[in-house]
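In what follows, residues are counted from 1 in the order of the sequence shown. What you are looking at is a predicted structure, and each value in this text was computed from that prediction instead of being measured.
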Amino acid sequence: MNQNSINLLRGISLGVLSGMIWGIVVLVISSFTQLFAFDFSIFNNIPVFIAGGAGFGLLLGAFLEVSKDKLPFRGIIPNSVALSVSIWILFFGGGLLLHLLTPNRYYLEGHQHLQGFFLSIFLGLILGIFWKKWKDFF
């Protein structure tokens, strides 16, 4: 297959796989930092965090596959980190807009947002490493 061709199967598959792993890592880190209280036990939250990570990873992997030649950096790891952080900033911007429209319902929690920012960098790293390792598999 041509290096510049779009292979959505690769982008989505690697994105979902890296997102699921990332979801488990986020659950573990959030359990240790205790920046927010969970409504349920860790075992009940595992499917939620895996599904959330898979969703974020699917979005990231698909966008990375479609735009990999148009991103500013040379390597796939810096590009995946930049794209992951950009998607996180879009989500954060939506949350900020909700807070500005209805501040009594949506709160800003700086320490949680900072943790989310660094975890988005980590998702980009995971996806970039998987992408390099399995580039010939798909």
Side-chain angles (χ1 to χ4, degrees):
M1 193 173 273
N2 187 359
Q3 180 80 9
N4 295 329
S5 66
I6 294 175
N7 183 357
L8 277 179
L9 176 65
R10 172 181 54 187
I12 290 173
S13 299
L14 291 177
V16 168
L17 176 65
S18 62
M20 291 169 64
I21 293 169
W22 178 76
I24 294 170
V25 169
V26 168
L27 179 62
V28 169
I29 290 173
S30 298
S31 298
F32 282 125
T33 61
Q34 296 181 351
L35 291 177
F36 55 91
F38 293 119
D39 292 334
F40 302 104
S41 71
I42 290 176
F43 295 111
N44 290 338
N45 284 324
I46 287 174
V48 174
F49 277 76
I50 289 175
F56 192 7
L58 184 145
L59 187 66
L60 177 61
F63 276 129
L64 185 62
E65 180 63 40
V66 170
S67 63
K68 67 181 178 268
D69 297 329
K70 297 165 187 66
L71 293 171
F73 303 110
R74 287 199 117 137
I76 196 68
I77 293 175
N79 282 331
S80 64
V81 169
L83 191 59
S84 179
V85 169
S86 298
I87 292 171
W88 179 87
I89 288 172
L90 286 174
F91 285 148
F92 176 73
L96 183 62
L97 180 65
L98 287 172
H99 169 72
L100 293 174
L101 294 175
T102 54
N104 57 342
R105 182 168 180 187
Y106 298 101
Y107 303 102
L108 289 179
E109 299 285 337
H111 52 282
Q112 289 179 8
H113 299 309
L114 190 61
Q115 178 180 345
F117 174 77
F118 286 114
L119 288 172
S120 71
I121 293 171
F122 192 64
L123 175 59
L125 285 172
I126 293 172
L127 179 60
I129 290 168
F130 281 175
W131 202 284
K132 282 183 84 167
K133 204 152 224 3
W134 288 339
K135 68 180 174 184
D136 297 328
F137 183 72
F138 289 97

Rounded distance [0.5 Å steps], [atom1] in [X] versus [atom2] in [Y]:
X: Arg10; Y: Leu64; atom1: CZ; atom2: CG; result: 8.5 Å
X: Ser67; Y: Asn79; atom1: OG; atom2: CG; result: 8.0 Å
X: Leu14; Y: Ile129; atom1: CG; atom2: CD1; result: 12.5 Å
X: Leu97; Y: Leu101; atom1: CG; atom2: CG; result: 4.5 Å
X: Asn45; Y: Ile24; atom1: CG; atom2: CD1; result: 12.5 Å
X: Lys68; Y: Ile76; atom1: NZ; atom2: CD1; result: 7.5 Å

Under a 4.5 Å side-chain heavy-atom rule over Ile, Leu, Val, Met, Phe, Trp and Tyr, are [X] and [Y] clustered together?
X: Leu71; Y: Ile89; value: yes
X: Val48; Y: Ile42; value: no
X: Leu125; Y: Phe118; value: yes
X: Leu127; Y: Phe73; value: no
X: Leu60; Y: Leu90; value: no

Answer yes or no: is there a donor N or O on one side and an acceptor on the other, between the side chain of [X] and the main chain of [Y], under 3.5 Å?
X: Ser84; Y: Ser120; result: yes
X: Glu65; Y: Asn7; result: yes
X: Ser18; Y: Gly15; result: yes

Heavy-atom pair of closest approach, residues [X] and [Y]:
X: Leu17; Y: Trp134; value: CD2-CZ3, 3.0 Å
X: Leu108; Y: Leu96; value: CD1-CD1, 3.6 Å
X: Gly124; Y: Val81; value: C-CG2, 3.7 Å

**OP:** Indicate yes or no: at least one non-hydrogen side-chain atom of Trp88 is less than 4.5 angstrom from one of His113.
**Re:**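 Sidechains of His113 and Trp88: in contact.
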
**OP:** Find out whether Leu119 and Ile121 are in side-chain contact, i.e. whether some heavy atom of one side chain is under 4.5 Å from a heavy atom of the other.
**Re:**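 Of all side-chain heavy-atom pairs linking Ile121 with Leu119, none is under 4.5 Å.
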
**OP:** Report the C-alpha separation of Leu123 and Val25 in whole Å, then their side-chain angles, then the decisive distance to 0.1 Å, and conclude whether the side chain to side chain contact (heavy atoms under 4.5 Å, CB included) test is met.
**Re:** CA-CA 10 Å; Leu123 175 59; Val25 169; over 6 Å; no

**OP:** Can you establish whether the number of heavy atoms outside Phe63 located under 6.0 Å from its atom CZ is more than 12?
**Re:**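 Atom CZ in Phe63 is not crowded, with 12 or fewer foreign heavy atoms closer than 6.0 Å.
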
Original post:
Would Lys132 and Ile77 count as a side chain to side chain contact (heavy atoms under 4.5 Å, CB included) if you check the C-alpha gap in whole Å, the side-chain angles of each, and the deciding distance to 0.1 Å?
Top reply: CA-CA 8 Å; Lys132 282 183 84 167; Ile77 293 175; 3.7 Å; yes

**OP:** List the steps and the verdict of side chain to side chain contact (heavy atoms under 4.5 Å, CB included) for Leu100 and Tyr106.
**Re:** CA-CA 8 Å; Leu100 293 174; Tyr106 298 101; over 6 Å; no

**OP:** Can you spot which of Phe49, Phe122, Phe56 makes a ring pair (Phe, Tyr, Trp, His ring centres under 6.0 Å) with Trp22?
**Re:**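 Only one option passes, and that is Phe56.
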
Original post:
Between His99 and Tyr107, is the ring centre distance below 6.0 Å?
Top reply: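 That pair fails the under 6.0 Å test.
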
